[in-house]
There are 2 protein chains.
Amino acid sequence: MSPAEKPAPAPAPKSRLSRELVLSAALALVDSEGLEALTMRRLGQELGRDPMSLYRYAENRAALLDGVSELVLNELEIVPDDPDWQAQLRRIAHCLRELALRHPNVVPLLVTRPLSTPLGLRPLGTLRPLEQILALLIDAGFGPADALHVYRAYYGYLYGHILNELQEFIVDPEENEALLRLGLHRLPPKEFPRLRALAPVLADYDGMSELDEGITILLTGLAARLSPTA
Amino acid sequence: MSPAEKPAPAPAPKSRLSRELVLSAALALVDSEGLEALTMRRLGQELGRDPMSLYRYAENRAALLDGVSELVLNELEIVPDDPDWQAQLRRIAHCLRELALRHPNVVPLLVTRPLSTPLGLRPLGTLRPLEQILALLIDAGFGPADALHVYRAYYGYLYGHILNELQEFIVDPEENEALLRLGLHRLPPKEFPRLRALAPVLADYDGMSELDEGITILLTGLAARLSPTA
DNA sequence: GGGACTTATCTACAATGTAGACTGTAGGCG
DNA sequence: CGCCTACAGTCTACATTGTAGATAAGTCCC
């Protein structure tokens with residue numbers, strides 16, 4: 001690809017800037033160095049441009065963050081006319097999970113930004129999954145209102161699971177267990193007996209199957225309560 | 001220095017500072033003006049003290065944020081020896097939900113901060129709910145590992161629901177519906193037909209009962225899969 | 001009083017987001 | 001060609017932020 005990848009600033013691939021370029025550079029930066037590394041100056045330097053030029057492509061830093069989370073969400077593929085809605089929802093769930101594991105630093109954005117933007121004003125890319133899942137459910141025979149309920153329960157659980165898993169993940173995958181033990185060891189034994197005892201179990205967390213089981217429970221429960229009138 | 005009091009802020013209730021004082025002032029500030037209003041300088045002024053004095057009670061701004069979320073989580077009451085574990089979990093869920101509605105601006109902290117702190121190193125107050133719920137489940141007859149599974153599914157869903165509800169809530173409770181319609185109206189009709197059609201349903205969201213149903217489904221599902229060996 | 005703490009303040013600095021004026025360059029139109 | 005307008009990118013400047021480090025102000029025990 002490019003002739004030189006250096007740890008120091010990428011000099012200047014002097015082509016015209018574009019929103020996509022800016023956003024994907026931003027994403028790359030967040031992925032590799034975390035959210036707080038994404039400053040205007042730093043991103044500018046990464047692109048070999050003046051920081052101020054970024055404002056051509058995102059009104060704010062906040063808008064830039066929105067752009068990044070939109071970009072990530074676009075990686076999520078949904079097939080809205082799958083006849084087997086349960087299977088499709090399951091697939092989406094795993095897809096989103098993997099996406100979150102691929103971009104852990106973006107997850108805070110995904111869950112936080114919508115809290116500061118009323119639903120109608122969000123970036124379109126952010127709303128697309130909602131629309132598509134609604135389509136999926138309605139096509140499967142649910143009434144619109146029921147579809148919304150299913151969506152909420154489903155997506156709620158999904159996001160919750162991702163947060164859970166990322167919380168327990170975090171650290172260097174190797175020393176995971178050691179560090180965990182160490183950390184737990186710090187807890188006062190009288191107050192946290194069960195948690196401390198669970199160290200070994202905590203250490204090997206199979207997020208994938210845990211998610212799958214949860215989804216199964218939810219879906220069968222939901223399907224029993226509100227069955228599509230197909 | 002003349003004893004000039006500034007017009008707006010609370011002047012100076014000149015007593016000795018304390019961690020509790022600082023944290024609750026911080027919480028009050030966040031509640032009333034949002035997260036980004038919580039700067040060291042502003043909090044100092046709110047307490048009538050020099051901003052630097054705060055560092056006596058919290059190492060960082062980050063630590064301060066941790067303190068705030070710990071403070072909020074302490075409002076959560078758990079009765080770890082309730083024999084009816086399902087009822088207790090349900091109660092906790094509603095309690096946490098109301099707490100989130102009472103402190104919506106803190107929710108980003110609750111879900112985000114743990115992502116940047118390995119489990120073992122979190123503020124104790126943050127881990128207490130985990131320990132107590134584990135106690136509840138184990139006392140109810142679950143094996144420790146199963147208890148952990150139940151906890152994860154339960155807490156995951158719970159957090160997810162709260163995020164969901166807060167996203168749709170947000171705006172001024174009054175013009176909620178109007179604003180919502182307006183926002184949705186902006187969406188391209190071809191791409192977002194179902195979402196647009198759902199405007200009225202979206203407008204009256206009964207988070208409380210929605211949460212309750214979800215919890216029911218999850219708990220019965222979980223109980224069926226892993227029953228306590230009582 | 002006189003030390004030995006703790007608590008609070010002052011000063012100073014580097015880093016951030018961003019407004020506003022400025023410069024260049026590319027095209028359209030006579 | 002020469003001029004004009006539009007836009008991409010840059011420069012400078014400023015207010016705000018978190019926080020290190022030195023300094024003062026209490027506070028308590030002998």
Side-chain angles (χ1 to χ4, degrees), chain A residues 8-27 29-30 32-69 105 108-109 112-113 116-117, chain B residues 1-6 8-27 29-30 32-69 105 108-109 112-113 116-117:
Chain A
K14 280 286 188 188
S15 70
R16 184 87 116 286
L17 233 38
S18 77
R19 182 149 215 267
E20 286 68 35
L21 249 167
V22 170
L23 289 186
S24 61
L27 175 56
L29 190 51
V30 171
S32 63
E33 310 195 26
L35 264 184
E36 66 288 0
L38 177 53
T39 79
M40 299 312 245
R41 287 169 162 87
R42 178 69 198 283
L43 182 54
Q45 149 181 346
E46 213 72 23
L47 288 161
R49 289 295 190 307
D50 187 283
M52 278 300 146
S53 58
L54 303 175
Y55 287 87
R56 270 309 127 162
Y57 305 97
E59 227 171 299
N60 284 341
R61 177 161 188 269
L64 209 160
L65 295 180
D66 279 339
V68 170
S69 61
N105 298 329
L109 289 186
T112 301
R113 293 288 320 155
S116 9
T117 326
Chain B
M1 296 299 153
S2 68
E5 307 292 21
K6 7 201 107 168
K14 280 285 187 187
S15 71
R16 185 89 115 286
L17 234 37
S18 77
R19 180 149 215 268
E20 287 67 35
L21 248 166
V22 170
L23 288 185
S24 61
L27 175 56
L29 189 51
V30 171
S32 62
E33 310 194 26
L35 264 184
E36 66 287 0
L38 177 53
T39 79
M40 300 312 243
R41 287 167 162 89
R42 178 69 198 283
L43 182 54
Q45 150 181 346
E46 213 73 23
L47 288 162
R49 290 295 191 306
D50 186 282
M52 277 301 145
S53 57
L54 303 176
Y55 286 87
R56 207 63 40 173
Y57 305 98
E59 226 172 298
N60 284 341
R61 177 161 189 268
L64 208 161
L65 295 180
D66 279 339
V68 170
S69 61
N105 297 330
L109 290 187
T112 299
R113 293 289 318 156
S116 8
T117 327

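Note on naming: letters A, B, ... go to the chains in the order of the sequence lines (proteins, then strands), and numbering restarts at 1 for each one.
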Between B:Val68, B:Leu54, B:Leu27, which is the residue that forms a side chain to side chain contact (heavy atoms under 4.5 Å, CB included) with B:Val22?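 Of the listed residues B:Val68, B:Leu54, B:Leu27, the side chain to side chain contact (heavy atoms under 4.5 Å, CB included) partner of B:Val22 is B:Leu54.
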Can you check side chain to side chain contact (heavy atoms under 4.5 Å, CB included) on A:Leu65 and A:Leu35, steps first, answer last? CA-CA 9 Å; A:Leu65 295 180; A:Leu35 264 184; 4.3 Å; yes
Taking A:Tyr57's backbone N and O only, do any of them form a donor-acceptor pair with A:Arg19's side chain (distance below 3.5 Å, no angle check)?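 Yes, because the side chain of A:Arg19 sits within donor-acceptor range (under 3.5 Å) of the backbone of A:Tyr57.
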Specify the closest pair of heavy atoms between A:Leu47 and A:Leu21, including all atoms of both residues, with the distance to one decimal.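 Minimum heavy-atom contact is CD2-O, 4.4 Å.
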CZ/B:Arg56 to CZ/B:Arg49 distance, rounded to the nearest 0.5 angstrom?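 Interatomic distance, B:Arg56 CZ to B:Arg49 CZ, rounded to 0.5 Å: 13.0 Å.
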Full working for side chain to side chain contact (heavy atoms under 4.5 Å, CB included) between A:Arg42 and A:Leu29: CA-CA 9 Å; A:Arg42 178 69 198 283; A:Leu29 190 51; 3.7 Å; yes
Rounded distance in Å - [atom1] ([X]) to [atom2] ([N]):
X	N	atom1	atom2	answer
A:Arg42	C:dG17	CZ	C1'	17 Å
B:Arg49	C:dT7	CZ	C1'	10 Å
A:Arg19	D:dA8	CZ	P	14 Å
B:Asp50	D:dA25	CG	P	14 Å
A:Leu47	D:dA8	CG	C1'	14 Å
A:Tyr57	C:dT18	OH	P	17 Å
B:Arg16	C:dC5	CZ	P	17 Å

Could you run down nucleotides 17-22 of chain D 5' to 3' and tag each one B, S or - for protein heavy-atom contact under 4.0 Å? BBBB--
